[in-house]
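Everything on this sheet refers to the single structure shown next.
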Amino acid sequence: MKLIADTHTHTIASTHAYSTLQENVSAAAKMGLYALAVTDHGALMPGAPGRWYFENLRVVPRKLDGVLVLRGEEADLVDAEGHTDLIPTDLETLDWVVASIHRQVFRRYVPVGNGFRPVELPGPATKEEVTQAWLNIAKNPRVNVIGHSGTAEYPYDYETVIPEFGRNAKLVELNESTFSGRKSSVPNCRAIMELCKKCGVPIIVNSDAHFSTRIGCFPNSLRLLEEIGFPEELVVNSSAERFEAYLREYTGVFRGE
Ligand SMILES: [Zn+2]
Ligand SMILES: [Zn+2]
């Protein structure tokens with residue numbers, strides 16, 4: 001299987017990633033990718049991009065070095081009610097949203113007015129809370145990708161939630177960085193992929209690159225998919241036609257072309 005898009009990548013705008021958008025695009029072009037989504041972290045992540053960063057992504061050319069560039073964000077889940085740190089005015093610009101749980105944000109804020117207020121972390125998250133959070137995210141029409149949900153720290157009821165992701169056209173991510181940075185999560189990722197296969201839920205493989213040399217590199221993910229005999233037709237970024245069909249149906253990328 002060859003993958004043609006990397007839709008979860010970070011730039012220096014995240015302030016804990018080390019390549020520019022141009023460097024990432026050049027790397028994507030070198031890897032022969034059809035599309036790259038730039039998905040820096042949302043507003044509540046420590047060191048997040050400045051207030052106008054996402055809204056102004058419209059200045060980035062749609063095609064650069066022959067690569068389709070998607071204007072994205074990796075948004076944070078805030079609580080079990082499904083709140084995220086996505087900002088409505090940013091959503092007018094954004095093509096692509098990855099929703100993820102990070103311990104720096106999840107349950108550390110409560111919604112107040114148009115924003116959030118930090119609170120003391122109320123003990124470890126329960127499986128019920130995480131399950132509820134993902135069920136609510138499944139219903140968010142602006143979320144495209146369920147980011148690294150196999151994180152060992154935040155287990156949820158896979159049997160209940162994975163079919164809901166499928167019913168709501170959410171792409172369940174297999175995240176290459178898990179194999180180097182979050183090894184304890186690998187068994188969960190395998191279980192999630194096996195369930196996606198069983199339930200016919202589409203997935204997407206992403207690098208979650210925080211440096212340009214990682215763009216478009218997915219060796220461990222591809223090995224895992226091969227080991228479990230994962231069907232290629234459920235991997236949305238396994239062909240340009242398949243990925244473009246998803247973009248046409250669920251995003252505004254080609255609107256007004
Ligand atoms: Zn990051
Ligand atoms: Zn993440």
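Atoms within each ligand, like the ligands themselves, are counted from 1 in listed order.
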Is the Trp96 to Tyr246 ring centre distance short of 6.0 Å?
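Ring-ring flag for Trp96/Tyr246: true, centres closer than 6.0 Å.
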Are Arg51 and Asp90 within salt-bridge range, i.e. N to O under 4.0 Å?
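Counted as a salt bridge, because a side-chain N and a carboxylate O are separated by less than 4.0 Å.
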Polar contact flag, side-chain donor to acceptor under 3.5 angstrom, His148-His8:
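Note: His148 and His8 side chains miss the donor-acceptor criterion.
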Just by distance, with hydrogens left out, do Ser207 and Arg214 show a side-chain donor and acceptor under 3.5 Å apart?
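Result is no, nothing qualifies.
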Do Ile203 and Val186 share a hydrophobic cluster (ILVMFWY, side-chain heavy atoms under 4.5 Å, transitive)?
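As far as the 4.5 Å side-chain criterion goes, Val186 and Ile203 are connected within one cluster.
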For the Zn ion (ligand 1), what is the closest N, O or S atom on His210?
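The atom in question is NE2.
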Near the Zn ion (ligand 2), which protein N/O/S atoms fall under 2.8 Å?
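Metal shell, protein only: Glu74 OE2, His102 NE2, His148 NE2.
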Just by distance, do the side chain of Arg142 and the backbone of Leu94 share a donor-acceptor pair under 3.5 Å?
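A pair under 3.5 Å: yes.
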